[in-house]
There are 2 protein chains.
Amino acid sequence: MAGQSRPQQAKDLQDPPAPGRHSLRDTVEEALREALLTGRFVPGRAVTLRGLAQELKVSPMPVREAVRAMAAGHALEIRANGRIQVPTMTPPRLAEIVKARLLLEPELAQAAAARLGPRDAARLAAIDDRIDASLDGGDAETYMRLNHSFHFMIYRAAGSQVLLPLVESLWLQFAPFMRTVYGRVGTFALVDHHKEAIEAVRTRDAAALREAVAADIRCGMDLLDTGLPDAGPSVAE
Amino acid sequence: MAGQSRPQQAKDLQDPPAPGRHSLRDTVEEALREALLTGRFVPGRAVTLRGLAQELKVSPMPVREAVRAMAAGHALEIRANGRIQVPTMTPPRLAEIVKARLLLEPELAQAAAARLGPRDAARLAAIDDRIDASLDGGDAETYMRLNHSFHFMIYRAAGSQVLLPLVESLWLQFAPFMRTVYGRVGTFALVDHHKEAIEAVRTRDAAALREAVAADIRCGMDLLDTGLPDAGPSVAE
DNA sequence: GACTGCATTTTGTGATCACATTTTCATCGA
DNA sequence: TCGATGAAAATGTGATCACAAAATGCAGTC
């Protein structure tokens, strides 16, 4: 034990006891997911290994693996020159995401209906109240986090091991762009179908839940369509 | 030029000129994809970083990132103790994969129909001939490779940036299990709907192509269902 | 003979170093 | 004033080391 070469363990991430999981890599990955889903990472934003590492107080190593994992799901993009950035949105890409969402999420919602009930409806209503509050307050970041919670509380109930990850991948892809649209057109214009979804959950009406989710996707993504008439890379942070 | 500390670049992977891309990581990832899609990696098989690295003549570093990327798409599984293995199949998981495939792949095929024609039909027919040959010869590995080529030659024509990666992820998940079933029941019992698909491509009949793909999925996966009546972990290498 | 105990090996994780490439930016010249 | 040029900084990639935890193998015991 020479006592000089022990460059192990950051040890002071901010939660030394590490309550939930272990592995700094998972922590970084979760941080990235958060940043993307809440729109803190805007399309086109450059992500550097050392920069992220310093920000999260870890070595570049766990960041490399986390970034690579996100890139595998197209949540991040590795350009030809090797640089990493949040993917930019294009009209055809957005159209495809909408199509994929409409194929998968209603299916997931329908499957979840049987495993949900009045208790869950109450929880969803509570989230929806906070969503309305964040919309009134113009807090887009909180809105996006809560909207994600709302949808995935439903989807998770389906107990899916395959469909759910696919849908998560889709959300990671469109969320950053979603955020830029809210920043441009504001959050006041938002119309969702959460109320219908809650009612469908309460009455265990699978068909109605399916339709509510589909309608919600259609409305939200229509709004997004108005956000990219031009190929404006103006919001590249 | 001290000439002593230059532990850079393996340099002799097997293709020094490196034709297509660069980056050892991508090479490893491609090797993993190949191994999974052709069924050389069977469900439950343990994958070790150092082992794979030695096998591919690279350092463990690129392997770590490649494995992590595959795990992000659930093509590999990182267990609670950290060990890496090819995921095992369960009846509900297989059912979900079938559902997801039936949702996405017919859609992709339908979209691809407009961008395919007689020339492509001829190419597909050529592949299908080789598929029949590999089935007669009992060469399951070649069959799987060609079957993948057949389907993705169609899907790729859709020019999809979102749906296609999702479908690729699904194939990586069920392919290893598919292989074990062929090993058990043989390849002679295989019935596909490639002939109908080729005809639909030739006549640019989107609806027919969609239906041919859907039928092909249903048949193939029904066969797989017969492969796991019990929860037999007997085929763990 | 089967089971428990410990020593050895294996394996994933994190950190650091070395290097090629690219980007950035300040300086110089027309 | 603007563009080219060069040095300096930044960045991704690959390799190696160190370490903890787990798996493995081997003995010794009941």
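Every chain is numbered from 1, with letters handed out A, B, ... down the list of sequences.
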Can you check the [X] [atom1] to [N] [atom2] distance for me, whole Å?
{"X": "B/Glu77", "N": "C/dG12", "atom1": "CD", "atom2": "C1'", "value": "15 Å"}
{"X": "A/Leu52", "N": "D/dT11", "atom1": "CG", "atom2": "P", "value": "11 Å"}
{"X": "A/Leu56", "N": "C/dG14", "atom1": "CG", "atom2": "P", "value": "13 Å"}
{"X": "A/Arg64", "N": "C/dC17", "atom1": "CZ", "atom2": "P", "value": "14 Å"}
{"X": "A/Lys57", "N": "C/dG14", "atom1": "NZ", "atom2": "P", "value": "17 Å"}
{"X": "B/Leu49", "N": "D/dA18", "atom1": "CG", "atom2": "P", "value": "19 Å"}
{"X": "A/Met61", "N": "C/dT16", "atom1": "CE", "atom2": "P", "value": "10 Å"}
{"X": "B/Glu29", "N": "D/dT13", "atom1": "CD", "atom2": "C1'", "value": "15 Å"}

Indicate yes or no: does [X] engage [Y] in a salt bridge with an N to O separation below 4.0 Å.
{"X": "A/Arg179", "Y": "A/Glu141", "result": "no"}
{"X": "A/Arg68", "Y": "B/Glu65", "result": "no"}
{"X": "A/Arg33", "Y": "A/Glu29", "result": "yes"}

Under 4.0 Å, counting only non-hydrogen atoms across every strand here, what does [X] touch: a base, just sugar-phosphate, or nothing?
{"X": "B/Val47", "value": "sugar-phosphate"}
{"X": "B/Val28", "value": "nothing"}
{"X": "B/Ile78", "value": "nothing"}

Taking the side chain of [X] as heavy atoms from C-beta outward, which of [options] is closest to it?
{"X": "A/Pro62", "options": "D/dA15, C/dG14, D/dT11", "answer": "C/dG14"}
{"X": "B/Arg25", "options": "D/dT16, D/dG12, C/dT11", "answer": "D/dG12"}
{"X": "A/Thr48", "options": "D/dT11, D/dA15, C/dT13", "answer": "D/dT11"}

Using atom names, set out every protein N or O paired with an N or O of nucleotides 21-23 of chain D below 3.5 Å, distance rounded to 0.1 Å.
{"unit_1": "D/dA23", "atom_1": "OP1", "unit_2": "B/Asn81", "atom_2": "ND2", "d": "2.7"}

| task | Report yes or no: does B/Glu105 contribute a side-chain atom to a donor-acceptor pair with the main-chain N or O of B/Val213 at less than 3.5 Å? | result | no

| message | Once you measure the plane-to-plane angle for A/Phe174 and A/Trp171, does it fall in the parallel (<30°), tilted (30-60°) or perpendicular (>60°) bin? | response |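 Because their plane-to-plane angle lies in the 30° to 60° range, the rings of A/Phe174 and A/Trp171 count as tilted.
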
| query | Taking for each residue the nucleotide of DNA chain C bearing the nearest heavy atom, is the 5' side occupied by A/Pro60 or by B/Ile84? | reply | B/Ile84

| field | Enclosure of A/Gln54 CD (heavy-atom neighbours >12, cutoff 6.0 Å) | value |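 No, CD of A/Gln54 has 12 or fewer neighbouring heavy atoms, counting only those of other groups under 6.0 Å.
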
Could you pull out every donor-acceptor pair under 3.5 Å between side chains of residues 70-78 of chain A and any protein atom, sequence neighbours left out?
{"unit_1": "A/Glu77", "atom_1": "OE1", "unit_2": "A/Gln85", "atom_2": "NE2", "d": "3.4"}

